[in-house]
Amino acid sequence: MTRHLRILAALLTLSLISAGPADDGRWYAGDYSFSDELGGFRILSVTGSGTKADPIEISEELNSASPVTLVIRAAKPIQNHGFPEGAFHLRVVTVNKSGLAWIEFEFELQEILGKPSDFYDGLSFDQTNPNPDLISSNRFARFENHFEKFDRLRFASGHVDPLDRPAFGFFITDVTPVTEFYLVQDPRVPFS
């Protein structure tokens with residue numbers, strides 16, 4: 001009976017961890033924390049461990065068609081190196097609450113806020129071993145992965161209507177890990 005109570009307590013603890021942000025306002029999953037502290041969007045939930053079978057999934061709402069920045073921090077250092085593992089699978093599910101249709105969606109990695117990631121910082125969408133099978137979207141038919149002079153991933157050939165929920169999947173690697181970096185998300189609207 002005691003064993004069953006411990007298992008139940010562990011399951012309840014896990015459900016509470018993914019039920020909302022921690023006291024510091026961050027959402028924890030895998031070896032990382034995620035924050036909407038820079039504004040312009042709202043995280044609704046974060047789950048997963050970061051593996052291919054169980055990617056970290058961030059559910060969020062974007063209230064405009066302006067770029068927003070997700071803050072990602074290491075939550076668990078590797079014992080021997082003092083750095084995060086440096087690689088994880090990410091799935092972003094975004095509610096379009098901008099009132100405008102999106103015709104493209106772009107992600108950009110930044111190791112320093114406001115400065116696009118370059119080859120020398122080691123942060124990328126799996127630049128050392130690019131695998132197109134790890135990149136996906138349920139609303140866009142194709143993607144372009146730009147490694148130089150910045151790390152950007154642009155989804156195109158599709159659209160997202162207001163209140164629709166596009167999903168994007170990709171693999172982030174950092175061969176010289178830092179404890180904090182940024183993911184800029186930029187929905188693109190048609191020009192008239």
Side-chain angles (χ1 to χ4, degrees), residues 18 20-21 25-75 84 86-98 100-111 113 116-117 123-127 130-146 150-174 180-189:
S18 64
R26 299 176 190 173
W27 298 74
Y28 289 84
D31 291 336
Y32 296 89
S33 74
F34 303 87
S35 173
D36 53 14
E37 67 197 60
L38 297 177
F41 74 111
R42 184 170 70 103
I43 295 176
L44 303 173
S45 68
V46 178
T47 60
S49 64
T51 65
K52 185 176 180 182
D54 183 30
I56 293 172
E57 181 171 304
I58 299 172
S59 179
E60 62 186 16
E61 293 177 342
L62 267 68
N63 296 315
S64 74
S66 299
V68 298
T69 303
L70 176 71
V71 181
I72 303 171
R73 293 181 177 95
F88 61 96
H89 293 268
L90 184 64
R91 179 176 158 85
V92 178
V93 180
T94 303
V95 179
N96 177 0
K97 293 190 86 175
S98 70
L100 301 168
W102 301 338
I103 58 169
E104 291 182 339
F105 202 98
E106 185 174 87
F107 293 91
E108 177 183 275
L109 289 167
Q110 298 180 353
E111 193 169 273
L113 185 60
S117 172
L123 181 64
S124 72
F125 295 106
D126 199 21
Q127 180 175 355
N131 182 347
D133 294 335
L134 300 180
I135 301 171
S136 64
S137 173
N138 65 346
R139 297 293 184 266
F140 296 96
R142 64 182 185 85
F143 66 89
E144 299 169 6
N145 200 342
H146 298 278
F150 39 69
D151 285 301
R152 290 186 184 148
L153 183 58
R154 177 179 293 164
F155 291 88
S157 296
H159 74 281
V160 177
D161 291 326
L163 301 180
D164 197 3
R165 298 176 62 90
F168 306 94
F170 43 87
F171 188 52
I172 294 176
T173 58
D174 193 355
E180 181 175 291
F181 62 96
Y182 308 91
L183 181 66
V184 178
Q185 303 172 70
D186 189 2
R188 303 296 177 91
V189 298

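It should be emphasised that the depicted structure is a prediction, and the values quoted were computed from it without experimental measurement.
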Would you compute the distance between atom [atom1] of [X] and atom [atom2] of [Y] and round it to the nearest 0.5 angstrom?
X: Glu180; Y: Glu111; atom1: CD; atom2: CD; result: 10.5 Å
X: Asn145; Y: Leu153; atom1: CG; atom2: CG; result: 5.0 Å
X: Leu90; Y: Leu134; atom1: CG; atom2: CG; result: 12.5 Å
X: Leu70; Y: Leu109; atom1: CG; atom2: CG; result: 10.5 Å
X: Ile58; Y: Ile72; atom1: CD1; atom2: CD1; result: 6.0 Å
X: Phe181; Y: Gln110; atom1: CZ; atom2: CD; result: 11.5 Å

Looking only at non-hydrogen atoms, find the nearest pair between [X] and [Y] and report the distance.
X: Phe125; Y: Asp151; answer: CE1-O, 3.6 Å
X: Ala65; Y: Leu100; answer: CB-CD1, 4.1 Å
X: Ser137; Y: Phe155; answer: CB-CD2, 3.6 Å
X: Val93; Y: Ala167; answer: CG2-CB, 4.0 Å
X: Thr173; Y: Ala87; answer: CG2-CB, 4.1 Å
X: Ser64; Y: Ser98; answer: C-CB, 3.4 Å

Side chain to side chain contact (heavy atoms under 4.5 Å, CB included) against [X], all qualifying residues, sequence neighbours excluded:
X: Thr69; value: Leu38, Leu113, Tyr182, Val184
X: Thr51; value: Ser49, Ala53, Asp54
X: Ile103; value: Pro190
X: Glu37; value: Ser35, Val71, Arg73

Salt bridge (Lys or Arg N to Asp or Glu O under 4.0 Å) with [X]: which residues, sequence neighbours excluded?
X: Arg139; result: Asp164
X: Lys52; result: none
X: Asp186; result: Arg188
X: Arg91; result: Glu57

Report the residues that fulfil side-chain hydrogen bond (donor to acceptor under 3.5 Å, both in side chains) with Ser157, sequence neighbours left out, ordered by chain and then residue number.
Arg142
With sequence neighbours left out, what residues match Ser33 under side-chain hydrogen bond (donor to acceptor under 3.5 Å, both in side chains)?
none
Close side-chain approach of [X] and [Y], heavy atoms under 4.5 Å:
X: Arg42; Y: Lys97; answer: no
X: Glu60; Y: Asp36; answer: no
X: Ser59; Y: Arg165; answer: yes
X: Asp161; Y: Asn96; answer: no
X: Ile43; Y: Pro21; answer: no

Across all chains, not counting sequence neighbours, the ring pair (Phe, Tyr, Trp, His ring centres under 6.0 Å) partners of Phe107 are Phe105, Phe168, Phe170
Show your reasoning for whether side chain to side chain contact (heavy atoms under 4.5 Å, CB included) applies to Asn63 and Phe41.
CA-CA 6 Å; Asn63 296 315; Phe41 74 111; 5.9 Å; no
Check the orientation of Phe88 and Phe34. Use parallel for under 30°, tilted for 30 to 60°, and perpendicular for over 60°.
perpendicular
